[in-house]
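Okay, structure first, notes after.
Chain identifiers are assigned alphabetically (A, B, ...) following the order of the sequence lines, protein sequences preceding nucleic acid strands; residue numbering begins at 1 within each chain. Keep in mind it's a predicted model, so treat the numbers as computed, not measured.
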Amino acid sequence: MVQKKLDNSYYLADDVVALAKDLVGKELHVKTDLGHRSGIIVETEAYSYLERGCHAFDNKLTARTEPLFMTGGIAYVYLCYGIHHLFNIVTNIEDKAEAVLIRAIQPNLGFDPEELKPSSRITSGPGKLSKALGIGLNHNKISLTEDTIWLTEPVGNSMDVVASKRIGIDYAGEDANLLWRFTAKNSPWVSKKM
DNA sequence: ATTAAGATGCGCT
DNA sequence: GCGCATCTTAATA
């Protein structure tokens, strides 16, 4: 069975919220020292320069947010709380800073049997999934059309997706109430907090 | 130069 | 369920 890599034009859509929803159910592949690992995306969040939750709100360009302003289809990895690597997919065209944060996946290829149990919670959280897949700062800005990190269409049929409020961005004021978080319905792999 | 705060996760109760 | 570790970033709190 051949899994087709998503074309780069997929990431250039102007509607980051619709894209975040569509990404739930896609399969994420990563090749690192840990080998080739993959998982089904079950939780995402949308971020846009139009709202305060985003690092690049009001087109704030810094050394850290630079990748967000680049053409869609690249990875944006940064360190949060000095400990956790958070993996985002940059979307939209150049200078329109938008991204989708991958918050949780369901392990598929390259994991130990123990880790494939939902109770392991090995990938249920943005920091944990990056660690489990071996994603680090060295993956920042790499293109998703290369054979390091890429997405494929899901093998099975589409999943039911539920919208909810984003997590951990109370400082964003009104924008914190946006229903820009998308989770796979009934999946045991989504991060628990609501 | 200094420091407050953060798109979190862990360990303990 | 709650508190804290831990360190980079960006504002100067």
Side-chain angles (χ1 to χ4, degrees), chain A residues 11 15-24 26 28 30 39 41-70 72 74-92 96-107 111 114-115 117-142 144 149 161-184 187-194:
Chain A
Y11 304 104
D15 187 346
V16 68
V17 179
L19 197 57
K21 183 176 181 181
D22 194 65
L23 279 170
V24 176
K26 296 282 188 288
L28 171 68
V30 182
I41 297 172
V42 294
E43 182 174 352
T44 64
E45 283 181 9
Y47 286 89
S48 165
Y49 63 99
L50 298 171
E51 48 83 24
R52 302 198 72 87
C54 185
H55 289 154
F57 169 68
D58 201 26
N59 288 322
K60 183 165 50 183
L61 176 60
T62 66
R64 182 178 61 158
T65 63
E66 185 193 348
L68 290 170
F69 292 88
M70 298 170 70
I74 62 170
Y76 169 42
V77 183
Y78 84 99
L79 198 56
C80 182
Y81 293 106
I83 311 172
H84 310 291
H85 297 293
L86 272 59
F87 170 63
N88 303 247
I89 296 174
V90 177
T91 69
N92 217 323
K96 285 203 170 188
E98 296 188 326
V100 177
L101 168 67
I102 307 302
R103 291 189 52 87
I105 64 171
Q106 174 180 339
F111 287 92
E114 271 304 305
E115 297 171 328
K117 297 181 189 169
S119 58
S120 75
R121 297 179 43 117
I122 186 76
T123 52
S124 59
K128 296 166 82 174
L129 88 84
S130 298
K131 187 180 178 191
L133 292 174
I135 295 175
L137 290 175
N138 53 321
H139 293 106
N140 200 20
K141 296 190 201 179
I142 69 167
L144 301 188
I149 302 180
V161 179
V162 185
S164 58
K165 293 200 291 188
R166 290 178 295 174
I167 290 182
I169 54 166
D170 297 339
Y171 63 87
E174 292 284 310
D175 295 325
N177 294 319
L178 293 168
L179 298 178
W180 282 13
R181 175 180 177 236
F182 300 98
T183 54
S187 171
W189 291 101
V190 302
S191 63
K192 178 102 173 134
K193 266 199 269 179
M194 286 303 272

Practice task
Take A:Phe87 and A:His139 through the test side-chain contact (heavy atoms from CB on, under 4.5 Å) and record every step on the way to the result.
Solution key: CA-CA 9 Å; A:Phe87 170 63; A:His139 293 106; over 6 Å; no
Under a 3.5 Å distance rule, please check whether [X] uses its side chain to pair with a backbone N or O of [Y] as donor and acceptor.
X	Y	value
A:Thr62	A:Thr65	yes
A:Asp15	A:Val17	yes
A:Lys128	A:Arg121	yes
A:Ser130	A:His85	yes
A:Asp175	A:Gly53	no

Exercise for the section: For A:Ile169, report the nucleic acid contact type (base, sugar-phosphate, nothing); a contact means any heavy atom under 4.0 Å. Expected result: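 Sugar-phosphate, backbone atoms only, no base.
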Practice task
Give one of base, sugar-phosphate or nothing for A:Leu79, where a contact means two heavy atoms less than 4.0 Å apart.
Solution key: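 Sugar-phosphate only.
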Problem - Salt bridge A:Arg103-A:Glu45, side-chain N to carboxylate O under 4.0 Å - result: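 Judged by the 4.0 Å cut-off on N to carboxylate O distance, A:Arg103 and A:Glu45 do form a salt bridge.
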Practice task
Could you list where the contact with chain A starts and ends along DNA chain C, reading 5' to 3', using a 4.0 Å heavy-atom cut-off?
Solution key: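 Here the contact window of chain A covers C:dT6 to C:dA11.
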Handout entry: Dot-bracket summary - DNA chain B, pairs being Watson-Crick or G-U whose distances fall under 3.5 Å, with | when paired to another strand
Key = ||||||.|||||.
Exercise for the section: Return the residues of residues 58-66 of chain A meeting this criterion: a heavy atom under 4.0 Å from some atom of DNA chain C. Order them by number, or give none. Expected result: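 When residues 58-66 of chain A is checked for heavy atoms under 4.0 Å from DNA chain C, the hits, listed by number, are A:Lys60, A:Thr62, A:Arg64.
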Problem - Positions of residues 117-136 of chain A (non-hydrogen atom under 4.0 Å from DNA chain C), listed by number - result: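 Residues of residues 117-136 of chain A under 4.0 Å from DNA chain C: none.
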Practice task
In whole angstrom, give the distance that lies between atom CD1 of A:Ile167 and atom C1' of B:dG6.
Solution key: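 That distance rounds to 15 Å.
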Handout entry: Atom-to-atom span, NE2 of A:His85 to P of B:dG6 - whole angstrom
Key =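 One finds 21 Å between P of B:dG6 and NE2 of A:His85, rounded.
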Practice task
Please report the shortest heavy-atom distance between A:Ile89 and A:Ile102, naming the atom on each side.
Solution key: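 Residues A:Ile89 and A:Ile102, closest heavy atoms: CD1-CD1, 4.1 Å.
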Problem - For A:Ser191 against A:Arg181, the heavy-atom pair lying closest together - result: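 Closest approach of A:Ser191 to A:Arg181, heavy atoms only: O-NH2, 3.4 Å.
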Problem - Contacts of type side-chain contact (heavy atoms from CB on, under 4.5 Å), residue A:Asn92, not counting sequence neighbours - result: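 Once residues adjacent in sequence are excluded, the partners of A:Asn92 under the side-chain contact (heavy atoms from CB on, under 4.5 Å) criterion are A:Asp14, A:Lys96, A:Glu98.
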So which protein N/O to nucleotides 11-13 of chain B N/O distances come out below 3.5 Å?
none

Problem - Any side-chain heavy-atom pair of A:Leu133 and A:Phe111 under 4.5 Å - result: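 In short, these two side chains touch, coming nearer than 4.5 Å.
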Practice task
Report yes if the side chains of A:Phe69 and A:Asn59 come closer than 4.5 Å at any heavy-atom pair, otherwise no.
Solution key: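 Side-chain contact under 4.5 Å: yes.
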Practice task
Using the C1' atoms only, state how far C:dT9 lies from C:dA13, rounded to an integer number of Å.
Solution key: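 It works out to 15 Å between them.
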Exercise for the section: Please measure how far the P atom in C:dA10 lies from the corresponding atom in C:dT6, and state the result in whole Å. Expected result: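 Each nucleotide's P atom is 23 Å from the other's.
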Handout entry: Centroid-centroid distance, A:His55 to A:Tyr78, less than 6.0 Å
Key =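 Yes, the ring centres sit under 6.0 Å apart.
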Practice task
Determine whether the side chains of A:Ser187 and A:Gln106 contain a donor N or O and an acceptor N or O closer than 3.5 Å.
Solution key: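 There is no such pair between these side chains.
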Exercise for the section: Return yes when atom NZ of A:Lys26 has more than 12 non-hydrogen atoms of other residues, nucleotides or ligands closer than 6.0 Å, and no otherwise. Expected result: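 For A:Lys26, atom NZ is crowded (more than 12 foreign heavy atoms under 6.0 Å).
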Problem - Euclidean distance, A:Thr123 OG1 relative to A:Leu28 CG, rounded to 0.5 Å - result: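 That separation rounds to 10.0 Å.
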